[in-house]
Number of protein chains: 2
Amino acid sequence: MNEPAQPATGTLYLIPVPLAEDAPDSATQPADVRAIVHGLNAFVVENAKTARAFVKRFGHPRPMAELRWFELDKHGQTDLAAPLALLRAGEHVGLMSEAGCPGVADPGAAVVAAAHTMGATVRPLVGASSLLLALMASGMSGQHFAFHGYLPTDATQRQQKLRQLEQAARRDKATQLFIETPYRNAAMLESLLATLQGNTRLAVACDLTAPSEWIRSASIEQWKRLPLPDLGKRPAVFLIG
Amino acid sequence: MNEPAQPATGTLYLIPVPLAEDAPDSATQPADVRAIVHGLNAFVVENAKTARAFVKRFGHPRPMAELRWFELDKHGQTDLAAPLALLRAGEHVGLMSEAGCPGVADPGAAVVAAAHTMGATVRPLVGASSLLLALMASGMSGQHFAFHGYLPTDATQRQQKLRQLEQAARRDKATQLFIETPYRNAAMLESLLATLQGNTRLAVACDLTAPSEWIRSASIEQWKRLPLPDLGKRPAVFLIG
């Protein structure tokens, strides 16, 4: 939006990638997304290897080696000059993260911001977001909510943060969402049950869209009376309300 | 989750409804959603008339008059006994709002919570959410964000709230999202440009998924140098970051 003399004429397509390998595309991807992916020859991606596998599985008509792949790095320090030059020249570019929606709990926002600066068209496509699906499925307020990413890994700091989120949920009547790396899910669940008040509602949604999808939404009191799920290695979203 | 002696054996499907009438289903709905809707004979809906039109357009094989429709009211005071009895008896039930994802900036959460209490399975389906699409397209942080629903309509209170959101965006490095009723969009945009600091980023995403989709993400300074869009009657999401 620097009022470029010649705005970029390409379109940056924001492409959601399925959340689970064993989720059928027919459950998570509108048909047009496939058609759009087939028409693109350049992709900005979180990881080139898995992105190629996804685009190939999606039936892209060209050999993968003929397509152009630009990797984002974790720190957003990626050199975006090449894909932005394509956009400027009128070529369309796809942006994808490893799973879910690019730029939401995942890298990609910097590319979108740069595209806006150039005056390129940005088109977000419909697909699966674990945060959105978890919020829908929680039965908690979707009128006000906040997403906090990852919480501190130190046990004491995590407990403190959980108390803060519980207070915020009550004060603002807002559902509080966060995520955890799968190998720490069990510790997080223990910490939640030990820290939160009995009448606070906790939802855990894991393996969303997969055949093994598992969702529980109940008060802490009720959680304590039920057998605990095995959350090991399963991507999960946690919600407090 | 009252550990019912006989948990409900039905599934509550959470069905996203297209955001715009002129958005092709192939752009917003995975194929399986259609198949699931075709298999349901009972729906909890925000408005029975428009829900029937949607289900009919979706090609449901049964006459609309043979399906069962249960309307939510605005205050969540709806008598849910009948649809919950169906779930208990093992029938599957669909939940839909007028547009977008049920329970997210829309009614429906109380039905989901009741289904969890009965031990029914809750299955959130993939579809279009204006909040999620706007966040992806904003180029702002999707690592931390908060959604605030509608802001106060009084001009002074709205200004105060906008200043609070601007502060929260900076303090927490969190994108702040909110919505407005379309006929107040122009007043909201004026208020935003008059209230926020020049280097604050503002995104407006309107008519998402429709052919008329329009998205701008720029600093307040840049917004002031560009011609303003006509936002009248166009559903919009506002983002501050």
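A note on names: the letters A, B, ... follow the listed sequences, proteins ahead of strands, and every chain is numbered from 1.
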* Asked: Atom NE2 of A:His144 and atom CZ of B:Phe178: how far apart are they, to the nearest 0.5 Å?
  -> 12.5 Å

* Asked: Hey, are the side chains of B:Pro30 and A:Gln29 touching, using non-hydrogen atoms and a 4.5 Å cut-off?
  -> no

* Contact winner vs chain A - B:Ala205, B:Ala174, B:Ser138, heavy-atom pairs under 4.5 Å -> B:Ser138

* Structure fact -> Ranking A:Asp106, A:Thr175, A:Thr209, A:Ile36 by heavy-atom pairs under 4.5 Å to chain B gives rank one to A:Asp106

* Structure fact -> Exactly one of A:Val104, A:Leu125, A:Leu95 clears side chain to side chain contact (heavy atoms under 4.5 Å, CB included) with B:Met136, and that residue is A:Val104

* Below 4.5 Å, heavy atoms only, C-beta onward: do B:Gln222 and A:His116 meet side chain to side chain? -> no

* To do: Please determine, among B:Gly149, B:Ala27, B:Ala146, the option with the most heavy-atom pairs under 4.5 Å with chain A.
  => B:Ala27

* Atom group of A:Asp172 that falls short of 4.5 Å from chain B, counting heavy atoms -> neither

* With a 4.5 angstrom heavy-atom cut-off, could you sort out which part of A:Ile179 is near chain B: side chain, backbone, both or neither? => neither

* To do: Starting at CG of B:Leu131, measure out to CG of A:Leu131 and round the result to the nearest 0.5 Å.
  => 12.0 Å

* Asked: For B:Ser129, is it the side chain, the backbone, both, or neither that has a heavy atom closer than 4.5 Å to a heavy atom of chain A?
  -> side chain

* Structure fact -> Under 4.5 Å to a heavy atom of chain B? For A:Arg34 that would be neither

* Side-chain contact, heavy-atom cut-off 4.5 Å: A:Phe147 with B:Phe147? -> no

* **Contact check, side chains of A:Thr121 and B:Trp214, non-hydrogen atoms, under 4.5 Å** => no

* Which atoms of A:Glu213 come close to chain B, meaning under 4.5 Å heavy atom to heavy atom: side chain ones, backbone ones, both, or neither? -> side chain

* Structure fact -> Checked A:Ala105, A:Cys101, A:Pro24, A:Ala31 vs chain B; the most non-hydrogen pairs under 4.5 Å come from A:Ala105

* Asked: Quick one: does B:Ile215's side chain get under 4.5 Å of A:Pro124's, heavy atoms only?
  -> yes

* Asked: Between B:Val122, B:Val33, B:Leu132, which shows the greatest number of heavy-atom pairs under 4.5 Å with chain A?
  -> B:Leu132

* To do: For each of A:Ala137, A:Gly103, A:Pro102, A:Pro16, tally heavy-atom pairs with chain B at distances under 4.5 Å, and name the one with the top tally.
  => A:Ala137

* Can you measure from CG (B:Asp32) to CG (A:Asp25) and round to the nearest 0.5 angstrom? => 9.5 Å

* Structure fact -> Note: B:Thr28 and A:Val126 closest approach over all heavy atoms is O-CG1, 3.5 Å

